[in-house]
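Quick caveat: nothing in here was measured; it's all calculated off a predicted structure.
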Amino acid sequence: MTGQHKDYAYLPEDLLLQMLEKTPETAKQLAAAVEFNDEQADRAKEILHDQRMIQICQSGEYTSSIMAADGANIIEHKTGADILLAIAVGVDGLSDEESMTWPADARQYQQWQAVLPHHVANSRLSQGIMFLMELSILAENDREIRIMDGSHLTTILKLNSLLSANDDEAADQPYVQSLSNFLHENYQKVIPDIPDIIHSAFSDNAVIGLAKYSSSREIIDTVLSDLEIKADDKVFMSMILNENEYTRPLPVGQCDKDREMWKRIHIACNLEINDVDNADLNQRLDDALKSFKITDEHESELYFCYYKPNSFSSAFRFEIKKDLAEDTARLESCFRSLKRQIISPEIREPYPQYLADVIAKNISFGMEAVNQAISNDPMLNQQKYFELIVPYRTN
């Protein structure tokens with residue numbers, strides 16, 4: 001054998017050392033991404049105050065009638081097929097009462113599981129069904145404040161992905177049949193009824209979107225565009241807002257980028273569904289989003305604002321409906337109510353949102369239980385099926 005050689009690496013130690021050597025540079029990049037100076041902050045506050053963009057949430061009434069919904073999904077890739085599992089849960093916030101009941105005609109939790117042939121579109125199906133379940137839990141409830149985990153935009157994009165899986169991934173008949181079975185078994189509905197599920201949540205002003213993460217720069221790229229701020233709105237507002245301050249609610253689409261996005265936003269179905277006219281379905285899907293879309297004659301009726309409840313917390317991005325945005329008394333009551341659900345610096349969101357997230361993350365334990373039940377099936381535990389029901393790769 002010819003050529004130069006080097007010593008065999010000590011793994012993973014040598015790899016970790018290489019990572020650590022690059023960390024100082026990564027830290028500098030992070031610092032540059034969020035950097036702003038005191039002069040920028042002072043000037044930003046001055047501009048926002050001059051335009052009456054910063055308001056103070058006054059003391060007053062609040063409610064403990066609060067809940068949050070969240071979901072999770074997972075796909076177990078077996079050698080023979082995929083097992084899809086999605087869950088959604090709703091939980092109440094902290095209350096002065098000892099216990100609370102759940103509305104009799106409302107779901108507090110849902111799960112869906114199915115076995116499908118291997119297909120790249122299966123992730124679209126499990127995610128989309130998860131979002132449908134979350135919307136249903138929110139819409140069916142009667143709490144005065146109902147927290148949707150994340151932005152309305154994310155939900156719209158995922159539902160569009162669910163229904164447009166023929167764009168580039170050619171969803172096949174098992175995909176469509178599984179979606180149909182889910183709707184029939186859980187809601188006595190069919191795929192053309194999906195616009196009703198969307199509209200019931202999106203039209204309810206008790207449902208607010210509360211994003212833990214947001215890259216939006218709608219304020220920075222418009223009102224504060226001359227300051228050359230590198231951070232996003234949520235980061236910057238966390239730094240300059242004081243406790244109990246919030247930004248005046250504005251319709252989404254303030255900057256050119258977001259405005260174009262909300263002009264184009266849509267949910268369209270291209271699935272091949274027996275006896276379904278997709279043109280009619282797509283019109284109804286468009287109608288379900290009509291109030292949120294921006295046109296030359298119409299501003300979006302979805303508003304956003306940032307609120308900082310405590311000195312130790314970051315600013316929260318709220319997405320709210322127009323009538324709540326224009327009702328200052330009710331909006332500030334909503335802020336005060338959510339502030340009471342933030343119980344410590346370690347929990348970075350209102351308690352019901354945190355708890356719903358914790359419960360949803362336990363989906364992996366649910367999949368373990370499903371796997372155990374499958375392995376105990378009298379037919380599948382035969383030796384000849386063993387290779388087909390184990391994961392396609394070593395765990």
Side-chain angles (χ1 to χ4, degrees), residues 68-69 71 127-128 130-141 145-164 192-219 221-222 232-234 246-270 278-307 316-327 330-331 334:
Q127 288 181 354
M130 178 195 76
F131 277 95
L132 286 175
M133 293 192 295
E134 288 184 42
L135 289 182
S136 297
I137 289 173
L138 289 166
E140 293 170 353
N141 203 272
I145 301 172
R146 304 172 217 162
I147 302 172
M148 179 175 71
D149 189 79
S151 69
H152 288 74
L153 177 62
T154 298
T155 299
I156 292 169
L157 293 176
K158 292 301 182 182
L159 293 178
N160 183 58
S161 177
L162 168 71
L163 293 175
S164 62
D193 293 321
I194 287 179
D196 297 332
I197 298 175
I198 298 169
H199 181 264
S200 62
F202 280 7
S203 63
D204 195 327
N205 60 32
V207 177
I208 65 172
L210 198 55
K212 299 171 186 172
Y213 163 87
S214 173
S215 61
S216 175
R217 289 171 50 93
E218 292 193 74
I219 295 177
D221 285 345
T222 53
D232 56 56
D233 281 350
K234 189 175 187 299
Y246 65 96
T247 61
R248 175 164 48 87
L250 299 169
V252 296
Q254 290 296 305
C255 61
D256 292 341
K257 175 184 175 183
D258 285 61
R259 188 172 187 84
E260 287 303 311
M261 178 183 66
W262 284 101
K263 281 184 176 181
R264 299 192 309 268
I265 203 70
H266 67 278
I267 300 175
C269 179
N270 63 11
N278 276 354
D280 178 67
L281 172 56
N282 288 334
Q283 181 59 57
R284 294 179 59 238
L285 286 166
D286 194 58
D287 290 342
L289 301 181
K290 189 174 182 179
S291 64
F292 289 176
K293 291 188 73 168
I294 295 175
T295 69
D296 293 337
E297 298 81 26
H298 177 261
E299 291 289 339
S300 177
E301 294 180 19
L302 181 66
Y303 280 56
F304 74 95
C305 62
Y306 295 91
Y307 167 60
F316 293 99
R317 177 183 167 92
F318 284 78
E319 292 182 355
I320 54 181
K321 313 307 186 299
K322 181 179 181 179
D323 53 354
L324 176 57
E326 295 179 343
D327 187 342
R330 187 175 164 216
L331 178 61
C334 177

- Neighbour count above 12 (heavy atom, 6.0 Å) for Asp280 CG: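 Yes - once you tally the heavy atoms of other residues, nucleotides and ligands closer than 6.0 Å, there are more than 12.
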- Task: Can you establish whether the number of heavy atoms outside Lys234 located under 6.0 Å from its atom NZ is more than 12?
- Result: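 Buried by this count: over 12 neighbours within 6.0 Å.
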- Query: Are the side chain of Asp149 and the backbone N or O of Ala69 linked by a donor-acceptor pair below 3.5 Å?
  - Reply: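 No, because the side chain of Asp149 does not come within donor-acceptor range (under 3.5 Å) of the backbone of Ala69.
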- Message: So which atom in Cys305 and which in Ile320 form the shortest heavy-atom distance, rounded to 0.1 Å?
- Response: SG-CD1, 4.5 Å
- Task: May I ask you to decide whether Lys293 forms a salt bridge with Asp286, counting only side-chain N to carboxylate O separations under 4.0 Å?
- Result: yes
- Message: Go through it in stages, so that I can follow the logic: the residues are Ile267 and Ile194, the test is side chain to side chain contact (heavy atoms under 4.5 Å, CB included), and I'd like the CA-CA distance, side-chain angles, deciding distance and then a yes or no.
- Response: CA-CA 11 Å; Ile267 300 175; Ile194 287 179; over 6 Å; no
- With sequence neighbours excluded, tell me which residues meet side chain to side chain contact (heavy atoms under 4.5 Å, CB included) with Glu319.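 With sequence neighbours excluded, Glu319 shows a side chain to side chain contact (heavy atoms under 4.5 Å, CB included) to Ser151, His152, Leu302, Arg317, given in chain and number order.
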- Message: Among residues at least two apart in sequence or on other chains, which ones pass side chain to side chain contact (heavy atoms under 4.5 Å, CB included) with Asn278?
- Response: Cys269, Ile273, Val276, Leu281, Asn282
- Query: What pairs with Asp204 under salt bridge (Lys or Arg N to Asp or Glu O under 4.0 Å), at least two apart in sequence or on another chain?
  - Reply: Arg146
- Task: Applying salt bridge (Lys or Arg N to Asp or Glu O under 4.0 Å), name anything that partners Lys263, two or more places apart in sequence or on another chain.
- Result: Glu260, Asp296
- Got a sec, which residues hit side chain to side chain donor-acceptor pair (under 3.5 Å) with Glu326, two or more places apart in sequence or on another chain?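 Testing Glu326 for side chain to side chain donor-acceptor pair (under 3.5 Å), a comparison that skips the adjacent residues, returns none.
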- Message: Can you list everything that forms a side chain to side chain donor-acceptor pair (under 3.5 Å) with Thr155? Sequence neighbours excluded, please.
- Response: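 Partners of Thr155 by the side chain to side chain donor-acceptor pair (under 3.5 Å) criterion come out as none, since no residue qualifies.
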- Query: Is any side-chain heavy atom of Asp258 closer than 4.5 Å to a side-chain heavy atom of Ser216?
  - Reply: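 They are in side-chain contact.
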